[in-house]
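First comes the structure, then the notes that go with it.
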Amino acid sequence: MERQKVMERGEKAGVSSSSNGGGEVDVVAEMMDVIEAVGLYVGYRRTQRKECLNLVRRLKLLLPLLEEIKEIGNYKSVSSEALKTSLVNLDKAFWGAKKLLKKCSCGSKIYLAMESEAVMSSFHAVYDKLNQALDDLPYDELGISVEVKEQVELTRMQLKRAKRRADTQDIELAMDMMVVFSKKDDRNADSAILERLASKLELHAIPDLKAEEVAVRKLVKERGVQNAESIQQINDLLGKFKQIAGVDETIVLDGPFSSKNLQRCRSLLIPHEFLCPITLEIMVDPVIVATGQTYERESIQKWLNSNHRTCPKTGQNLDHLSLASNFALKNLIQQWCEKNNYELPKKDACLGSDGISAELIEEISSLVQNLSSCEFEVRREAIKKIRMLAKENPDNRILIANYGGIPPLVQLLSYQDSNIQEHAVTALLNVSIDETNKILVAREGAIPAIVEILQHGTNEARENSAAALFSLSMLDENKVLIGALNAIRPLVHLLQNGTVRGKKDAATALFNLSLNQTNKSRAIKAGIIPALLHLLEEKNLGMIDEALSILLLIASHPEGRNEIGKLSFIKTLVEIIRNGTPKNKECALSVLLQLGLHNSSILLAALQYGVYEHLVELAKSGTNRAQRKANSILQHISKYEHIP
């Protein structure tokens, strides 16, 4: 309770600076409270965690200054307006820092990832205000000790360096966000990307998803219809994350009443202990898990079927997976329903105890057997059906694997009929969206056969082979294996010569594989750089951002930098900086900065192509990220002014 008081103290009061004798001390006390409060914040969002922890550390470095101001008795004799103004400005900077840190601790994880550049700009604004306020303090008049002044100067230097520092953007996260929110992109591996995003944003556990839903609702109230499209994107993505976690629940934001809204309103009248922690709906068949928590049987079984081995509510590891009926709670629920004339939802009699229909289990078991049938038509129909079932939902993917479907699917990759091959590789793509199945598919030896189809299959089979390799490469161990089994060269070939869909699937797979240092070298030797340069020149393909994102990875490798230097790449890069979309410009500036950091001749070549005026313009009026990249490049150019 005391902790809550500290965190909330002064939220409504704002900055206090009265004209009476103790006014300044009140402001100082508030700032000390802010430092204590932000020290209690936890759970900073992954995309801003490092910056948040650094800011908290810097605020704590200022505590000795505040303590000394508070303890020194002669501050009251300093009646200058300068002291009062500087303390008020410092207090405002502290409150700005607290507000930003609270946002990064409690705000929507998806929103903060989408707006990472804008949030970083907010950090820079806080650094500026803190620095300016510290600069304005009359240290000598206050009689601040030399030791404390030195510590303040150290903090100011750190704030200046933090603002100048080039951001180390999570390229993989940025690429995945770009693909997920792209309206034009329809590639098959979206679910694999979603799983990686859920992991990166730490939105794969039920408590995290529930907290995110609360944060999104709060965001809607704060923003209203101002960012309607972005809010809808966030809402849709959160819904997909819930499906991955095995929660079949549509999220309805505040707005016009619908049947779902009304159902939610009714649920508010139901005693909290009668609601399943996963679905927040009244339980029909409550069961107890190993931690002692109670859930609706169907919901917790779906959670366990999705290969989760923790308690959704507590996050604790489950010692066993047995479910015990909670008869006492079930009786209480039934009594409450009778008393309040509330009708329990009807449970499907065809569903088994795990929430999966016996008919579906029988169908999948039969289809898996038919994959090994001697009759061609039986085998072909079975693989087509399994392909569709694996695409539909996570439960089906797990059932197909559990009933032995992966080995025969892998064997069918080598079947002589191209149609069978196409269905097999696509079925494995869909099955591999499940994390555990990625391991099983690779262990069954599927990768060499997938590479063979990538080289010689039909157009659709080649596209889906690339998507399958992308899905499998989500695991680091598979990145190494796929690279070692010579998949990169045919992927580069598809990037050069495939259909538009094929190029996109190849680009996504190559991006993922190039996160591995050895694979970067393989990709360079396979000719990826000329292929990417071609994508930059073919603007109608709409793949400039993808190409630049891969080039940014390749440019971090010495061989890549040498190879890029041999091509007329810099001219194309400057043209994109001049005429590209805001996102194009950001990516192009990132690549130019990466190259220029290691080779001054690259920057000189860019200057010859007229990049300077565009850098100056973007440094003033570009997006937040473009401004920082442009300023960093301009700083490096200034170092080489003496070079002829």
Side-chain angles (χ1 to χ4, degrees), residues 175-176 178-180 182-193 387 391 413-414 417-430 432-433 446-474 478-479 482-483 485-515 519-520 522-551 553-554 563 567 569 572 587:
M175 182 77 166
D176 288 346
M178 181 176 66
V179 170
V180 166
S182 172
K183 293 180 180 178
K184 298 178 181 177
D185 212 314
D186 59 349
R187 68 195 69 179
N188 247 348
D190 274 1
S191 295
I193 298 174
R387 169 182 174 174
K391 185 179 181 180
L413 291 172
S414 303
D417 184 81
S418 61
N419 193 253
I420 291 283
Q421 287 183 355
E422 183 181 310
H423 288 311
V425 76
T426 309
L428 284 169
L429 161 63
N430 296 334
S432 72
I433 291 171
I447 293 172
I450 293 174
V451 173
E452 182 68 21
I453 295 174
L454 178 64
Q455 291 174 307
H456 305 294
T458 63
N459 280 340
E460 186 175 349
R462 294 172 69 205
E463 292 164 4
N464 290 342
S465 295
L469 291 174
F470 164 71
S471 177
L472 294 172
S473 70
M474 300 283 279
N478 285 350
K479 285 185 180 72
I482 291 168
L485 291 172
N486 304 315
I488 290 177
R489 189 170 293 278
L491 282 170
V492 171
H493 185 267
L494 183 62
L495 187 67
Q496 290 172 313
N497 305 299
T499 62
V500 174
R501 174 74 176 256
K503 289 176 187 289
K504 288 187 175 184
D505 286 323
T508 312
L510 285 165
F511 174 86
N512 218 30
L513 291 168
S514 296
L515 293 169
N519 286 341
K520 289 177 188 174
R522 291 186 176 115
I524 293 162
K525 290 172 182 174
I528 193 171
I529 294 174
L532 293 171
L533 185 59
H534 178 70
L535 292 181
L536 295 179
E537 293 168 348
E538 291 292 326
K539 296 179 177 59
N540 61 315
L541 290 174
M543 293 183 63
I544 290 176
D545 290 340
E546 286 95 331
L548 289 171
S549 296
I550 300 172
L551 279 166
L553 289 176
I554 298 298
E563 186 70 21
L567 300 171
F569 171 63
T572 303
C587 294

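Count residues from 1 along the sequence.
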*Please step through side-chain contact (heavy atoms from CB on, under 4.5 Å) for the pair Asp505 and Phe470, ending with a clear verdict.*
CA-CA 8 Å; Asp505 286 323; Phe470 164 71; over 6 Å; no
Check [X] against [Y] and note the closest heavy-atom contact, atom names and distance.
X: Lys479; Y: Ser473; answer: NZ-O, 2.9 Å
X: Ser465; Y: Val425; answer: OG-CG2, 3.5 Å
X: Lys503; Y: Asn497; answer: NZ-N, 4.0 Å
X: Ala531; Y: Gln496; answer: CB-CG, 3.4 Å
X: Asn519; Y: Gly483; answer: OD1-CA, 3.3 Å
X: Cys587; Y: Ser549; answer: SG-OG, 4.5 Å

Out of curiosity, [X] [atom1] to [Y] [atom2], how far, rounded to the nearest 0.5 Å?
X: Ser414; Y: Glu452; atom1: OG; atom2: CD; result: 8.0 Å
X: His423; Y: Asn464; atom1: NE2; atom2: CG; result: 11.0 Å
X: Asp417; Y: Glu422; atom1: CG; atom2: CD; result: 10.0 Å
X: Glu463; Y: Thr458; atom1: CD; atom2: OG1; result: 8.0 Å
X: Arg462; Y: His456; atom1: CZ; atom2: NE2; result: 10.0 Å
X: Glu537; Y: Ile544; atom1: CD; atom2: CD1; result: 10.5 Å

Please examine the side chains of [Y] and [X], heavy atoms only from C-beta on, and report whether any two atoms are closer than 4.5 Å.
X: Pro490; Y: Val451; answer: yes
X: Leu535; Y: Glu546; answer: no
X: Ile529; Y: Phe569; answer: no

Does [Y] offer a backbone N or O that forms a donor-acceptor pair with the side chain of [X] under 3.5 Å?
X: Lys520; Y: Ile554; value: no
X: Asn459; Y: Thr499; value: no
X: Ser471; Y: Ala468; value: no

*asked:* Apply side-chain contact (heavy atoms from CB on, under 4.5 Å) to residues Leu510 and Leu532 and explain how you reach the verdict.
replied: CA-CA 11 Å; Leu510 285 165; Leu532 293 171; over 6 Å; no
*Ile528 pairs by side-chain contact (heavy atoms from CB on, under 4.5 Å) with which of Leu491, Ile488, Ile550?*
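Single pass found, and it is Ile550.
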_Test side chain to side chain contact (heavy atoms under 4.5 Å, CB included) applied to Arg489 - qualifying residues, sequence neighbours left out_ =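 Counting only residues at least two positions away or on another chain, Arg489 forms a side chain to side chain contact (heavy atoms under 4.5 Å, CB included) with Ala526.
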*Who passes side chain to side chain contact (heavy atoms under 4.5 Å, CB included) against Asn486, sequence neighbours left out?*
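In terms of side chain to side chain contact (heavy atoms under 4.5 Å, CB included), with neighbours along the sequence ignored, Asn486 is linked to no residue.
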